[in-house]
Amino acid sequence: MPEMPEVETVRRGLMKIAAGRKIVGIDVHYGKTIENDVEEFRQALIGQTIKRIDRRGKYLLFRFTNDLTMISHLRMEGKYFNQKTGSPIDKHTHVVFHLDDGTDLCYHDTRKFGRMHLVKTGTEMEYGGLRTIGPEPTERDFKLDYFERILGKSRSKIKPFLLNQSHVAGLGNIYCDEVLWQTKINPEQPANTLTHKQAAALRKNIIHEIAVATKYKGTTVHTFTNAFGNAGAFQEKLVAYGHVGDRCPRCGTKMVKIKVAERGTTFCPHCQPLVEKK
DNA sequence: GGCCTTGTTTTTTA
DNA sequence: ATAAAAAACAAGGC
């Protein structure tokens with residue numbers, strides 16, 4: 001469930017614990033985490049230094065010396081933390097990077113869904129979801145005229161539309177439900193039926209929500225922790241996600257949970273009515 | 001042990 | 001041919 005604010009929080013933590021460190025050894029305990037040949041992956045990285053960590057959408061990009069970039073996607077439950085070399089390795093820790101400062105950078109993933117892919121720097125945008133990734137959800141990159149243009153072209157329900165990373169990067173199930181509640185838009189509203197006013201408000205709320213959640217160091221649902229093993233604080237601010245049966249803070253109506261595009265979706269049936277207009 | 005979870009990719013349908 | 005919907009997939013927790 002790490003969405004953009006969580007991934008950005010992880011990136012900032014990694015910059016503190018891993019940037020500038022040299023890899024002196026790598027242990028891979030679950031090979032499928034690595035998309036490359038595991039031995040080639042190890043040999044290519046041992047001796048290299050992590051220059052910095054970038055992020056695009058929900059993808060982390062570890063920049064190494066030697067023109068190597070490691071694309072890392074946490075999927076549902078991936079997390080990084082560091083511990084002293086020699087500390088016990090948890091059974092869900094699948095990759096251990098031994099660093100030159102006497103610590104291990106551990107990749108831990110209960111579901112084993114996360115993946116790492118080592119590629120040549122400069123070619124990273126040719127892999128997987130990065131090929132078609134949309135703009136970052138920021139004032140600067142996510143322009144209103146672009147948003148209105150792609151909304152108008154789509155008959156898709158607005159919720160799966162927003163989950164599609166090629167439209168705008170970074171939103172997942174949680175923030176999607178939140179911004180639709182904030183904007184009073186029904187998750188099943190067809191994208192091309194949104195008014196100019198709704199599109200503008202939705203864009204504003206997306207940008208604002210992501211920025212605030214990032215400021216709060218992300219949302220901890222289930223087990224998300226940042227690179228220091230700390231939980232985020234934003235879950236206390238959630239109104240929709242995880243609040244089925246609670247009363248809507250705006251109108252007092254009980255929040256309802258349905259499935260939209262096979263995803264659990266919580267919304268207020270009073271504030272977010274489905275209106276067929278065009 | 002069937003079902004739930006979510007992000008992404010693949011397959012099917014319209 | 002295209003877009004959208006549906007299904008598949010990853011795997012562990014309960």
Side-chain angles (χ1 to χ4, degrees), chain A residues 1-10 28-36 38 55-61 71-79 90-95 107-117 119 124-134 136-137 149-180 187-194 206 210 213 218-225 232 234-235 238 240-245 257-267 278:
Chain A
M1 313 221 217
E3 304 177 33
M4 198 197 111
E6 292 75 41
V7 179
E8 175 60 17
T9 300
V10 170
V28 177
H29 300 288
Y30 180 71
K32 285 178 79 173
T33 301
I34 314 292
E35 306 224 29
N36 313 74
V38 171
R55 180 192 56 73
R56 182 72 172 82
K58 302 173 194 170
Y59 295 83
L60 290 165
L61 302 169
I71 305 167
S72 170
H73 198 298
L74 306 172
R75 291 293 186 108
M76 279 181 76
E77 304 219 36
K79 51 189 65 73
D90 185 273
K91 70 165 176 172
H92 294 303
T93 291
H94 306 311
V95 184
Y107 176 73
H108 183 283
D109 190 345
T110 313
R111 288 280 182 283
K112 298 181 175 171
F113 290 172
R115 291 292 179 264
M116 299 174 188
H117 195 170
V119 306
E124 59 273 6
M125 300 310 287
E126 298 167 20
Y127 293 89
L130 286 170
R131 274 178 307 195
T132 54
I133 197 162
E136 293 286 308
R149 191 170 69 245
I150 59 169
L151 280 169
K153 283 196 298 194
S154 175
R155 282 170 296 279
S156 164
K157 293 171 179 176
I158 188 63
K159 170 145 182 184
F161 181 93
L162 292 178
L163 289 175
N164 185 335
Q165 303 294 299
S166 69
H167 294 144
V168 57
L171 291 175
N173 216 22
I174 297 173
Y175 296 119
C176 211
D177 280 4
E178 295 301 310
V179 297
L180 289 174
E188 301 196 273
Q189 187 81 32
N192 64 356
T193 66
L194 264 65
I206 289 170
I210 293 284
T219 299
T220 295
V221 176
H222 297 326
T223 60
F224 170 76
T225 54
F234 197 69
Q235 59 280 3
L238 298 181
Y241 187 91
H243 286 268
V244 58
K257 186 169 180 178
I258 61 170
K259 279 216 164 183
V260 178
E262 310 300 311
R263 294 291 169 241
T265 300
T266 307
F267 72 107
K278 170 73 184 178

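In what follows, every heavy atom counts, from backbone to side chain, and hydrogens, waters and symmetry copies are set aside. Letters A, B, ... are given to chains in the order of the sequence lines, protein chains preceding strands, and every chain is numbered from 1. Bear in mind that the values here come from a model prediction, so they are computed numbers and not experimental data.
- Each of A:Arg115 and A:His167 was assigned the nucleotide of DNA chain C with the nearest heavy atom; the assignment lying further toward the 5' end belongs to A:His167.
- By the salt bridge (Lys or Arg N to Asp or Glu O under 4.0 Å) test, A:Glu124 is found to be paired with A:Arg63, residues two or more places apart in sequence or in another chain being considered.
- When the nucleotides B:dT5, C:dA4, C:dA10 are ranked by their closest atom to the side chain of A:Ser154, C:dA4 comes out on top.
- When each of A:Lys259 and A:Leu130 is assigned the nucleotide of DNA chain B bearing its nearest heavy atom, the one mapping closer to the 5' terminus is A:Lys259.
- Not one side-chain nitrogen or oxygen of A:Tyr175 sits closer than 4.0 Å to the OP1 or OP2 atom of B:dG7.
- At distances below 3.5 Å, not a single donor-acceptor pair connects side-chain atoms of A:Gln189 with backbone N or O atoms of A:Lys157.
- Close to B:dG7, at under 4.0 Å from its OP1 or OP2, lies no side-chain N or O of A:Gln165.
- Atom P of nucleotide C:dA4 and atom CG of A:Leu162 are separated by 13 Å, given to the nearest angstrom.
- Taken from CD1 in A:Ile206 to CG in A:Leu162, the straight-line distance is 5.0 Å, to the nearest 0.5 Å.
- Computed from coordinates, the A:Glu262 CD to B:dT12 P distance equals 16 Å when rounded to whole Å.
- When the C1' atom of B:dG7 is taken as reference, atom NZ of A:Lys79 falls 15 Å away, rounded to whole Å.
- Nucleotide C:dG12 holds its P atom 8 Å from the NZ atom of A:Lys91, rounded to whole Å.
- Exactly one of A:Glu3, A:Glu178, A:Lys159 qualifies for a side chain to side chain donor-acceptor pair (under 3.5 Å) with A:Asn173. That residue is A:Lys159.
- The bend of the helix from B:dG2-C:dC14 to B:dA14-C:dT2, defined by the angle between the axes of its first five and last five pairs, stands at 50° to the nearest 10°.
- In this structure, the side chain of A:Asp177 does not engage the main chain of A:Ala240 through any donor-acceptor pair within 3.5 Å.
- Between A:Lys112 and C:dG12 there is a side-chain N or O to OP1 or OP2 distance below 4.0 Å.
- Contact check for A:Leu61 versus A:Ile71: side-chain heavy atoms found under the 4.5 Å cut-off.
- Looking at heavy-atom distances under 4.0 Å, A:Gly114 makes no contact with the nucleic acid at all.
- The side chain of A:Arg263 approaches B:dG7 more closely than any other nucleotide in the set C:dA10, C:dG13, B:dG7.
- Rounded to a whole Å, the CG atom of A:Asp109 is 14 Å from the P atom of B:dT8.
- In this structure, A:Ser156 reaches the C:dA5 phosphate: one of its side-chain N or O atoms is under 4.0 Å from OP1 or OP2.
- For A:Tyr241, taking side-chain heavy atoms from C-beta onward, the closest of the listed nucleotides B:dT5, C:dA10, B:dT8 is B:dT5.
- Between A:Phe161 and A:His167, the angle of the ring planes stays under 30°, which puts this pair in the parallel group of the 30/60° scheme.
- Across the protein-nucleic acid pair, A:Asn173 atom CG and B:dT5 atom P stand 9 Å apart, rounded to whole Å.
- Phosphate contact (OP1/OP2 of C:dA4, side-chain N/O of A:Lys159, threshold under 4.0 Å): absent.
- Mapped onto DNA chain B by nearest heavy atom, A:Arg111 and A:Arg131 fall at different nucleotides, with A:Arg111 at the one closer to the 5' end.
- A salt bridge is absent between A:Lys112 and A:Glu77: the closest approach of a Lys/Arg side-chain nitrogen to an acidic carboxylate oxygen does not fall below 4.0 angstrom.
- Residue A:His92 has a polar side-chain atom (N or O) positioned under 4.0 Å from OP1 or OP2 of C:dG13.
- Distance NE2 (A:His117) to C1' (B:dT9): 15 Å, rounded to an integer number of Å.
- One atom, CD of A:Glu77, and another, C1' of B:dT6, lie 10 Å apart when rounded to the nearest Å.
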